[in-house]
Colleague: 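Have a look at this one before I ask anything.
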Amino acid sequence: MSAAPLTFTVEPSTSRRSDAERAAVLAAPGFGKNFTDHMVTIAWDEGTGWHDARVGPYGPLTLDPAAAVLHYGQEIFEGLKAYRHADGSVWAFRPEANAARLARSARRLALPELPEAGFLASVRELVTIDEPWVPLYDEDANAEESLYLRPFMFASEPFLGVRPARNVTYCLIASPSGAYFSGGVAPVTLWLSTSYARAGAGGTGAAKCGGNYASSLAAQLEAQAAGCEQVVFLDSSTHTYIEELGGMNLFLVYRDGRIVTPELTGSILEGVTRSSILELAGELGLTPQERRIPISEWKDGAASGQIVEAFACGTAAVITPVGELRWEGGGFVQGTEAGEVAGALRARLLDIQYGRAQDTRGWLTRLL
């Protein structure tokens with residue numbers, strides 16, 4: 001891999017959306033539905049390393065039908081956001097953690113590691129050229145509008161054979177976003193899957209790769225049929241320990257002040273929001289714990305009142321309270337509204353991200 005710093009070639013789009021078109025999108029951005037005018041691409045090959053870093057017009061990718069990603073699923077991705085502060089500046093929240101996780105995912109999927117400097121440069125380059133797409137700062141603390149950034153990497157070499165690709169492409173696209181759940185911060189109903197597992201020991205559970213999400217979709221359909229929004233997966237070997245949701249980590253709040261999340265066993269994705277909550281919990285007088293949690297402990301704790309809240313977390317949704325857990329033949333109500341702890345942690349995270357609270361940990365990186 002070349003150690004030389006990447007130099008980006010910038011080709012401004014000749015078909016940028018007009019101010020009026022962009023304003024119409026930003027007025028109701030939704031999530032993951034609209035994309036900015038530009039994208040980043042960086043090429044890698046076995047002999048040269050990373051090269052041809054480019055910012056150019058957003059548009060379709062050209063792939064050979066034999067591209068390895070289409071046949072063997074060798075790809076990874078990330079998710080982070082750019083936030084507008086009250087003074088008009090634009091910031092990212094812990095982007096170096098996303099760079100590190102992308103590198104870990106790359107190692108697991110036998111892809112090349114993009115250096116942190118290259119990752120951060122790609123984010124800065126795209127946000128700079130598409131700065132008008134970063135939503136304006138809103139004094140309403142519940143607005144939650146930002147520019148969602150989606151870096152991804154895939155095997156672009158055309159060949160049919162099971163081996164690591166010798167040609168790889170890194171891309172970065174951006175999408176202005178509002179709240180992940182259109183209905184606002186309301187408790188969600190979860191489905192406890194007993195038919196499917198998200199990942200197994202020695203698998204790719206700790207990597208952020210598309211296959212993990214694809215394998216969760218059958219369970220998601222099962223959940224929807226049962227009137228639930230998300231799925232809770234158990235470990236694949238004993239089917240007794242809580243792991244995570246299809247796209248979020250899970251926390252349980254106990255009456256005695258403990259806040260507990262499943263420990264990282266190699267089959268759970270280490271979420272940036274998850275790790276941030278573990279650090280912030282002490283500021284609220286909570287005792288954070290990472291350990292294996294039997295599903296029976298949640299059921300019994302909810303019934304006895306020892307577990308007073310449950311919530312899920314992730315970059316896209318931030319923190320989402322859990323209202324109910326259902327499974328084949330049973331279920332229980334955890335709460336009918338957002339809990340005090342979930343609400344306080346959510347507000348604390350958002351205040352840091354949007355510059356309303358002091359960043360005492362150096363989590364924010366200024367982009368513009």
Colleague: Check whether His51 reaches the backbone of Thr48 with its side chain - one donor and one acceptor, N or O, closer than 3.5 Å.
Modeller: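 It does not hold such a pair.
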Colleague: In terms of ring plane angle, is the pair Tyr83 and Tyr354 parallel, tilted or perpendicular, where the classes change at 30° and 60°?
Modeller: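 Ring orientation, 0 to 90° scale: perpendicular.
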Colleague: Between Asn167 and Ser156, do the side chains contain a donor N or O and an acceptor N or O under 3.5 Å apart?
Modeller: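 No donor-acceptor contact under 3.5 Å links the two side chains.
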Colleague: Please determine which of Thr189, Ile307, Val308, Val253 meets the side chain to side chain contact (heavy atoms under 4.5 Å, CB included) test together with Gln334.
Modeller: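 Running side chain to side chain contact (heavy atoms under 4.5 Å, CB included) over Thr189, Ile307, Val308, Val253 with Gln334 returns exactly one hit, Ile307.
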Colleague: Does any non-hydrogen side-chain atom of Leu6 lie less than 4.5 Å from one of Trp50?
Modeller: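 Side chain of Trp50 against side chain of Leu6, heavy atoms only: contact under 4.5 Å found.
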Colleague: If you measure from the Lys or Arg side-chain nitrogens to the Asp or Glu carboxylate oxygens, is any gap between Arg166 and Asp45 under 4.0 Å?
Modeller: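 Salt bridge between Arg166 and Asp45, a charged N being under 4.0 Å from a carboxylate O: no.
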Colleague: How far apart are the C-alpha atoms of Val322 and Trp298, what are their side-chain angles, what is the distance that settles it, and do they pass the side chain to side chain contact (heavy atoms under 4.5 Å, CB included) test?
Modeller: CA-CA 12 Å; Val322 174; Trp298 189 7; 4.2 Å; yes
Colleague: Please check this pair: side chain of Gln220 against backbone of Glu229, looking for a donor-acceptor N/O pair closer than 3.5 Å.
Modeller: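 Indeed, once roles are kept as given, a pair shorter than 3.5 Å links the two residues.
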Colleague: Taking the basic N atoms (NZ, or NE/NH1/NH2) and the acidic carboxylate oxygens, is any pair closer than 4.0 Å for Glu290 and Arg274?
Modeller: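 Looking at Arg274 together with Glu290, the answer is yes, because their closest N to O distance falls below 4.0 Å.
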Colleague: Identify whether the distance between the nearest side-chain nitrogen and carboxylate oxygen of Glu243 and Arg198 falls below 4.0 Å.
Modeller: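 No.
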Colleague: Taking the side chain as every heavy atom from C-beta outward, state whether Leu172 and Met39 have any atom pair closer than 4.5 Å.
Modeller: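 No - every pair of side-chain heavy atoms lies 4.5 Å or more apart.
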Colleague: Would Tyr58 and Ser13 count as a side chain to side chain contact (heavy atoms under 4.5 Å, CB included) here? Give the steps.
Modeller: CA-CA 8 Å; Tyr58 180 95; Ser13 173; over 6 Å; no
Colleague: CD1/Ile129 to CG/Leu126 distance, rounded to the nearest 0.5 angstrom?
Modeller: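 Reported to 0.5 Å precision, the distance equals 8.0 Å.
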Colleague: State whether the side chain of Asn212 and the backbone N or O of Ala199 hold a donor-acceptor pair below 3.5 Å, judged by distance alone.
Modeller: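 It does not hold such a pair.
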Colleague: Indicate yes or no for a side-chain donor-acceptor contact from His71 to the backbone of Pro65 under 3.5 Å, with no hydrogens or angles considered.
Modeller: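 A pair under 3.5 Å: yes.
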Colleague: Given side chains that start at C-beta, do those of Pro151 and Phe77 come closer than 4.5 Å, heavy atoms only?
Modeller: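 A side-chain contact is absent here, since even the closest heavy-atom pair is not under 4.5 Å.
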Colleague: Is the distance between the ring centroids of Trp133 and Phe35 under 6.0 Å?
Modeller: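 For Phe35 and Trp133, the ring centres are not under 6.0 Å apart.
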Colleague: Does a salt bridge link Asp19 with Arg22, judged by any charged N lying under 4.0 Å from a carboxylate O?
Modeller: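 Result for this pair is yes, salt bridge flagged.
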Colleague: Without swapping roles, check the side chain of Thr204 against the backbone of Ala207 for a donor-acceptor pair under 3.5 Å.
Modeller: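 Looks like no, no N/O pair under 3.5 Å.
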Colleague: Which heavy atom of Val134 sits nearest a heavy atom of Ala82, and at what distance?
Modeller: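 Closest pair (atom of Val134, atom of Ala82, distance): CG1-O, 4.2 Å.
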Colleague: Quick one: do Leu109 and Phe159 end up in the same hydrophobic cluster if we chain Ile, Leu, Val, Met, Phe, Trp and Tyr together by side-chain heavy atoms under 4.5 Å apart?
Modeller: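 No, Leu109 does not connect to Phe159 through the hydrophobic network.
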Colleague: Do Arg94 and Ser275 come close enough that some side-chain heavy atom pair is under 4.5 Å?
Modeller: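 Contact flag for Arg94/Ser275 side chains = yes.
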Colleague: Is the shortest side-chain heavy-atom distance between Leu364 and His85 below 4.5 Å?
Modeller: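 Leu364 vs His85: side chains touch.
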Colleague: Before you tell me yes or no, could you show the steps for Val40 and Phe8 under side chain to side chain contact (heavy atoms under 4.5 Å, CB included), namely the whole-Å CA-CA distance, both residues' side-chain angles and the distance that decides it to 0.1 Å?
Modeller: CA-CA 9 Å; Val40 168; Phe8 287 79; 3.8 Å; yes
Colleague: Less than 4.0 angstrom from a charged side-chain N to a carboxylate O is my criterion; do Arg54 and Glu125 meet it?
Modeller: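 Result for this pair is no, no salt bridge flagged.
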Colleague: Ile268, Met248: one ILVMFWY side-chain cluster at the under-4.5 Å cut-off?
Modeller: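 Not linked; separate clusters.
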Colleague: Return the CG to CD distance between Leu136 and Glu139, rounded to the nearest 0.5 Å.
Modeller: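 Interatomic distance, Leu136 CG to Glu139 CD, rounded to 0.5 Å: 12.0 Å.
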Colleague: Quick check: do Thr320 and Val185 have side-chain heavy atoms less than 4.5 Å from each other?
Modeller: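 Sidechains of Val185 and Thr320: no contact.
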Colleague: Any cation-pi pair here, Lys299 with Trp327, using under 6.0 Å and within 45°?
Modeller: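 Yes, cation above the ring, under 6.0 Å and within 45°.
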Colleague: For salt bridge (Lys or Arg N to Asp or Glu O under 4.0 Å), just list the numbers for Glu283 and Arg361, CA-CA rounded to whole Å, side-chain angles, deciding distance to a tenth of an Å, and then say yes or no.
Modeller: CA-CA 13 Å; Glu283 295 182 4; Arg361 294 178 172 83; 2.8 Å; yes
Colleague: Using modelled atom types only, decide if a donor and an acceptor are shared between the side chain of Lys81 and the backbone of Thr315 within a distance under 3.5 Å.
Modeller: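 Answer holds: yes.
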Colleague: Is there a path of hydrophobic side-chain contacts, each under 4.5 Å between heavy atoms of I, L, V, M, F, W or Y residues, that connects Tyr241 with Ile293?
Modeller: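 They do not share one cluster, since no chain of ILVMFWY contacts under 4.5 Å joins Tyr241 to Ile293.
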Colleague: How long is the span from the CD1 atom in Ile295 to the CD1 atom in Ile242, to the nearest 0.5 Å?
Modeller: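 With rounding to 0.5 Å, CD1 (Ile295) is 4.0 Å from CD1 (Ile242).
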Colleague: Would you say Phe251 ends up clustered with Leu245 if hydrophobic residues are merged whenever their side chains have heavy atoms under 4.5 Å apart, either directly or through other cluster members?
Modeller: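 No; tracing contacts between hydrophobic side chains, which count when under 4.5 Å, never links both residues.
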Colleague: Can you measure from CD1 (Ile277) to CD1 (Ile319) and round to the nearest 0.5 angstrom?
Modeller: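 Ile277 atom CD1 to Ile319 atom CD1 measures 3.5 Å (nearest 0.5 Å).
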Colleague: Can a donor-acceptor pair be found between the side chains of Gln230 and Trp191 at a distance below 3.5 Å?
Modeller: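 There is no such pair (donor and acceptor under 3.5 Å, judged by atom type) between the side chains of Gln230 and Trp191.
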Colleague: Counting only N and O atoms by type, is there a donor-acceptor contact under 3.5 Å from the side chain of Glu75 to the main-chain atoms of Gly210?
Modeller: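 Checking the backbone N and O of Gly210 against the side chain of Glu75, a donor-acceptor pair under 3.5 Å is found.
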Colleague: For Ala43, does its backbone N or O pair with a side-chain atom of Asp52 as donor and acceptor, under 3.5 Å?
Modeller: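 Absent.
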Colleague: For the residue pair Pro187 and Ala338, what are the closest heavy atoms and their distance?
Modeller: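 That closest heavy-atom pairing would be CG-N, 3.9 Å.
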Colleague: How far does OG of Ser175 sit from CG of Leu149, to the nearest 0.5 angstrom?
Modeller: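 Those atoms lie 9.5 Å apart.
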Colleague: One thing to verify: whether Arg16 and Asp37 come together as a salt bridge, which I'm taking to mean a side-chain N less than 4.0 angstrom from a carboxylate O.
Modeller: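 Result for this pair is no, no salt bridge flagged.
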Colleague: Between Tyr254 and Glu297, is a side-chain hydrogen bond (donor to acceptor under 3.5 Å, both in side chains) present by the stated rule, with each step listed?
Modeller: CA-CA 11 Å; Tyr254 291 69; Glu297 181 177 332; 2.5 Å; yes
Colleague: Heavy atoms only: give me the nearest Leu70-Asp64 pair and the separation to one decimal.
Modeller: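 For Leu70 versus Asp64, the nearest heavy atoms are CD1-O, 3.8 Å.
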Colleague: Under 3.5 Å, which donor-acceptor pairs do the side chains of residues 256-266 form with other protein atoms, sequence neighbours left out?
Modeller:
| from | atom 1 | to | atom 2 | distance (Å) |
| --- | --- | --- | --- | --- |
| Asp256 | OD1 | Arg258 | N | 3.2 |
| Asp256 | OD1 | Arg258 | NE | 3.1 |
| Asp256 | OD2 | Arg258 | NE | 2.9 |
| Asp256 | OD2 | Arg258 | NH2 | 3.3 |
| Thr261 | OG1 | Leu250 | O | 2.6 |
| Thr265 | OG1 | Ser267 | OG | 3.1 |

Colleague: Do you know the tightest heavy-atom contact between Arg326 and Cys228?
Modeller: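 Nearest pair, atom of Arg326 first, then Cys228: CD-SG, 3.7 Å.
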Colleague: Are any non-hydrogen side-chain atoms of Tyr170 and Phe154 less than 4.5 angstrom apart?
Modeller: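 When only atoms from C-beta onward are counted, Phe154 and Tyr170 do not touch, as no gap falls below 4.5 Å.
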Colleague: Would you sort out whether Glu324 and Leu190 count as a side chain to side chain contact (heavy atoms under 4.5 Å, CB included), showing the intermediate values?
Modeller: CA-CA 6 Å; Glu324 186 177 351; Leu190 304 182; over 6 Å; no
Colleague: If the test is salt bridge (Lys or Arg N to Asp or Glu O under 4.0 Å), which one of Arg150, Arg101, Arg104 qualifies with Glu78?
Modeller: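 In the set Arg150, Arg101, Arg104, the residue that makes a salt bridge (Lys or Arg N to Asp or Glu O under 4.0 Å) with Glu78 is Arg101.
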Colleague: Spell out, as yes or no, whether a donor-acceptor pair under 3.5 Å connects the side chain of Glu309 to the backbone of Pro321.
Modeller: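 Checking the backbone N and O of Pro321 against the side chain of Glu309, no donor-acceptor pair under 3.5 Å is found.
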Colleague: Please check if the side chain of Arg255 supplies one atom and the backbone of Gly305 the other of a donor-acceptor pair under 3.5 Å.
Modeller: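 Indeed, once roles are kept as given, a pair shorter than 3.5 Å links the two residues.
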Colleague: Side-chain contact, heavy-atom cut-off 4.5 Å: Thr273 with Asn249?
Modeller: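 SC-SC contact between Thr273 and Asn249 ruled out.
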Colleague: Does Arg84 make a cation-pi contact with Tyr137 (under 6.0 Å, within 45 degrees of the axis)?
Modeller: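 No, Arg84 does not lie over the aromatic ring of Tyr137.
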Colleague: What's the spacing between Glu244 CD and Asp235 CG if we round to 0.5 Å?
Modeller: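 Result: 12.5 Å between the selected atoms.
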Colleague: Should Met153 and Val123 be counted in the same cluster of Ile, Leu, Val, Met, Phe, Trp and Tyr side chains packed under 4.5 Å apart?
Modeller: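 Both belong to a single hydrophobic cluster.
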